[in-house]
Amino acid sequence: MGKGADIELIDVTKRYGAALAVDRVSLKIPAGTYCCLLGPSGCGKTTTLRMIAGHESITEGDVRLGPAVVTELPPAKRGTAMMFQSYALFPHLDTVDNVAFSLKMKGAEKTARRTKALEMLKLVQMDHLAERRPAQLSGGQQQRVALARALITDPQALLLDEPLSALDPFLKIKVRQELKRLQNRLGISFIHVTHSQEEAMALSDLVVVMNGGRIEQAATPREVFNRPATAFVARFMGDHNVLAGRVTSLADGTVTFEVPGGAAFRAPAEEGLEPGAPVEIAVRTDRVRLADMVMPGCGLTGLVQNIEYHGQKVQLALSAPGVDEFSVQVPETAFFETPLSVGDAVPLAWTPQDVHILRPSPAA
């Protein structure tokens, strides 16, 4: 199989009547990238995938695959292949003929197409079940057959619409490892729609977080996790606290801002901030520590609302004046050395280096 090609979306917009599903999305996915389109239901990720595939028309903008603009081309002419959420296997055909079906439609000779189908089944470790029909396969096995069927056309990019959603948690982990192995081996781009943060972080070279038909952030998983661009990304990815307020002063590279409850906090200053301007910051839940005293501007006192045991860590949910909700991850050993109860008042602290200023959301 040949290597893939760059995929570029240029100001792509999709309207359904007056409803705006995708709003001027521009994105470049380099060849050989595992890219996850991530976001909540209704954010535009599946519509974006279907426009790349040619299964959805584009209202405005263009899609480019390598040097070619493919906006007006039908799906079969684009050099992409799509694996749908429902595997849509033909129940009356065995595994080999299901995989070989697209080659049959192109007029390929029976022996040649079955030979190629067996190669694809071997690639996804399903050649030993070549003569079975879909009803005789598990969900995970059916998924691998659908994958082989998509790959038999030698696409430059494989498009996957929530491919793991129907699998149980244990099988999801196994199959996502296989997907990554396959993508590395083939060297083509996989563009994978998911609403699972864990799935996107585990698989991606490039995570594209979408909200309200716009891209909030497109970056590596580590960048998205450590430096979320907006409050939406910080909250959606989880494991971040977001504090919102207004700037009260700027001095010595530090911005001080006040939340509605009257508490003041400090953060490293960034360009564009001025007194009176709204500001939002993110602090990772695992960077907050339980402290005997709180330095002004670098912490708060919270009231424990809920305690959840997660094995290696204990998750605390707290409330504080002017702060909607605040979470802290405490290592299991540390928590049980000095356990807390619901209703306890807890001093919480962090360092200025643990604070990250957020940009306004493009979907706002």
Worksheet item: Are side-chain heavy atoms of Phe335 and Leu316 found at a separation under 4.5 Å?
Response: yes
Worksheet item: Counting only heavy atoms not in Glu332, do more than 12 fall under 6.0 Å of its CD?
Response: yes
Worksheet, complete the sentence: Closest non-hydrogen atoms of Leu37 and Leu49, given as atom of the first, atom of the second and distance, are CD1-N, 4.3 Å
Worksheet item: If you take all heavy atoms of Ser361 and Asn211, which pair is closest and at what distance?
Response: OG-ND2, 4.1 Å
Worksheet entry | Salt bridge Asp161-Lys45, side-chain N to carboxylate O under 4.0 Å | no
Discussion item. Taking Val304's backbone N and O only, do any of them form a donor-acceptor pair with Asp344's side chain (distance below 3.5 Å, no angle check)?
Written reply: no
Practice prompt. Check step by step if side chain to side chain contact (heavy atoms under 4.5 Å, CB included) holds for Leu182 and Leu123.
Written response: CA-CA 8 Å; Leu182 201 56; Leu123 188 68; 3.5 Å; yes
Discussion item. If hydrophobic clusters are built from ILVMFWY residues whose side chains come within less than 4.5 Å, do Leu243 and Val247 share one?
Written reply: yes
Worksheet item: For the side chain of Asp6 and the backbone of Ala31, is there at least one donor-acceptor N/O pair under 3.5 Å apart?
Response: yes
Worksheet item: So, for Met82 and Ala53, which heavy atoms are closest and what is the spacing to 0.1 Å?
Response: SD-CB, 3.6 Å
Discussion item. Quick one: does any side-chain atom of Asp168 pair with a main-chain N or O of Phe170 as donor and acceptor, under 3.5 Å?
Written reply: yes
Worksheet item: Under a 4.5 Å cut-off applied to non-hydrogen side-chain atoms, are Glu280 and Arg359 in contact?
Response: no
Worksheet entry | Pair Leu118-Val99, side chain to side chain contact (heavy atoms under 4.5 Å, CB included): steps then yes or no | CA-CA 8 Å; Leu118 282 166; Val99 173; over 6 Å; no
Practice prompt. Can you measure from OG1 (Thr153) to CE (Met105) and round to the nearest 0.5 angstrom?
Written response: 14.5 Å
Fill in: Sub-4.5 Å side-chain heavy-atom contact between Met237 and Leu38
yes
Item to complete: Taking the side chain as every heavy atom from C-beta outward, state whether Met210 and Val25 have any atom pair closer than 4.5 Å.
Response: yes
Item to complete: Measure up the Phe90 and Phe101 rings against each other and bin them: parallel (under 30°), tilted (30 to 60°), perpendicular (over 60°).
Response: tilted
Worksheet item: Salt bridge between Arg133 and Asp94, side-chain N to carboxylate O under 4.0 Å?
Response: no
Worksheet item: Do the side chain of Ser319 and the main chain of Phe326 share a donor and acceptor less than 3.5 angstrom apart?
Response: no
Worksheet item: Can you hop from Leu358 to Val224 via hydrophobic side chains spaced under 4.5 Å?
Response: no
Worksheet entry | N/O donor-acceptor pair under 3.5 Å between Asn226 side chain and Arg222 backbone | yes
Practice prompt. Report yes if the side chains of Val346 and Leu318 come closer than 4.5 Å at any heavy-atom pair, otherwise no.
Written response: yes
Discussion item. Check whether Gln142 reaches the backbone of Pro134 with its side chain - one donor and one acceptor, N or O, closer than 3.5 Å.
Written reply: yes
Discussion item. Please tell me whether Ile29 and Ile188 are part of a single hydrophobic cluster in this structure, the criterion being side-chain heavy atoms less than 4.5 Å apart.
Written reply: no
Worksheet item: Is a donor on one side and an acceptor on the other found under 3.5 Å between the side chain of Arg78 and the backbone of Ile52?
Response: yes
Worksheet item: Within the side chain of Asp205, is there an N or O that forms a donor-acceptor pair under 3.5 Å with the backbone of Tyr34?
Response: yes
Worksheet item: Have Glu258 and Thr248 got a donor and an acceptor in their side chains that come within less than 3.5 Å?
Response: no
Worksheet item: Between Ile191 and Ile7, is a side chain to side chain contact (heavy atoms under 4.5 Å, CB included) present by the stated rule, with each step listed?
Response: CA-CA 10 Å; Ile191 306 176; Ile7 296 172; 3.5 Å; yes
Worksheet item: So do the side chains of Pro163 and His192 get within less than 4.5 Å of each other, counting heavy atoms only?
Response: yes
Discussion item. Between Asp97 and Arg149, does any NZ, NE, NH1 or NH2 come within less than 4.0 Å of an OD or OE carboxylate oxygen?
Written reply: no
Worksheet item: Would Phe190 and Leu159 show up in the same hydrophobic cluster when neighbours are defined by side-chain heavy atoms closer than 4.5 Å?
Response: no
Item to complete: From the options Val124, Thr95, Val96, select the one residue that forms a side-chain contact (heavy atoms from CB on, under 4.5 Å) with Val145.
Response: Thr95
Discussion item. Regarding Tyr309 and Gln315, do their side chains bring together a donor and an acceptor under 3.5 Å, going by distance alone?
Written reply: no
Fill in: Shortest non-hydrogen contact from Pro40 toward Phe232
CD-CZ, 3.7 Å
Practice prompt. Any chance you could measure Asp324, atom CG, to Asn241, atom CG, to the nearest 0.5 Å?
Written response: 11.0 Å
Worksheet entry | Option from Gln329, Arg287, Arg284 for which side-chain hydrogen bond (donor to acceptor under 3.5 Å, both in side chains) with Asp239 holds | Gln329
Worksheet item: Within a radius of less than 6.0 Å around NZ of Lys180, do more than 12 heavy atoms belonging to other residues, nucleotides or ligands occur?
Response: yes
Practice prompt. Could you tell me the separation between the CG atom of Leu171 and the CD atom of Gln141, rounded to the nearest 0.5 Å?
Written response: 9.0 Å
Discussion item. What I want to find out is whether Arg113 reaches Glu109 closely enough, with some N-O distance under 4.0 Å, to be called a salt bridge.
Written reply: no
Item to complete: Look only at the side chain of Thr59 and the backbone of Arg15, and say whether a donor-acceptor pair between them is shorter than 3.5 Å.
Response: yes
Worksheet item: Going through the checks in order, is the side chain to side chain contact (heavy atoms under 4.5 Å, CB included) test met by Ile307 and Val314?
Response: CA-CA 7 Å; Ile307 300 170; Val314 176; 3.7 Å; yes
Worksheet item: Transitively linked via ILVMFWY side-chain contacts under 4.5 Å: Leu179 with Ile152?
Response: yes
Discussion item. Is any side-chain heavy atom of Ile281 closer than 4.5 Å to one of Val242?
Written reply: no
Item to complete: Answer yes or no on whether Lys14 is positioned over the face of Tyr16, meaning its NZ or CZ is under 6.0 Å from the six-membered ring centre and within 45° of the axis.
Response: yes
Fill in: Glu162 and Thr194 side chains, donor-acceptor separation under 3.5 Å
no
Worksheet item: Counting only heavy atoms not in Glu119, do more than 12 sit closer than 6.0 Å to its CD atom?
Response: yes
Worksheet item: Just by distance, with hydrogens left out, do Glu308 and His310 show a side-chain donor and acceptor under 3.5 Å apart?
Response: yes
Worksheet item: Between atom CG of Leu65 and atom CG of Leu73, what is the distance when rounded to the nearest 0.5 Å?
Response: 9.5 Å
Fill in: Student check: side-chain heavy atoms of Val175 and Leu167 closer than 4.5 Å
yes
Discussion item. Between the side chains of Arg24 and Glu60, is the shortest nitrogen-to-carboxylate-oxygen separation below 4.0 Å, so that they form an ion pair?
Written reply: no
Worksheet, complete the sentence: Looking only at heavy atoms, the pair that brings Pro228 and Val233 closest together is CB-CG1, 3.7 Å
Discussion item. For the aromatic rings, using the six-membered ring if either is Trp, is the centroid distance between Phe84 and His55 under 6.0 Å?
Written reply: yes
Practice prompt. Compare every heavy atom of Ser26 with every heavy atom of Asp11, then report the nearest pair and how far apart it is.
Written response: N-OG, 2.9 Å
Worksheet item: Is there a salt bridge (charged side-chain N to carboxylate O under 4.0 Å, His left out) between Lys172 and Glu198 once you walk through the steps?
Response: CA-CA 11 Å; Lys172 276 183 183 180; Glu198 181 186 350; over 6 Å; no
Fill in: Euclidean distance, Cys35 SG relative to Gln183 CD, rounded to 0.5 Å
10.5 Å
Fill in: Gap between atom CG of Leu9 and atom CZ of Arg64 - 0.5 Å precision
11.5 Å
Worksheet item: Short question: side chain of Thr33, backbone of Pro30 - any donor-acceptor pair under 3.5 Å?
Response: yes
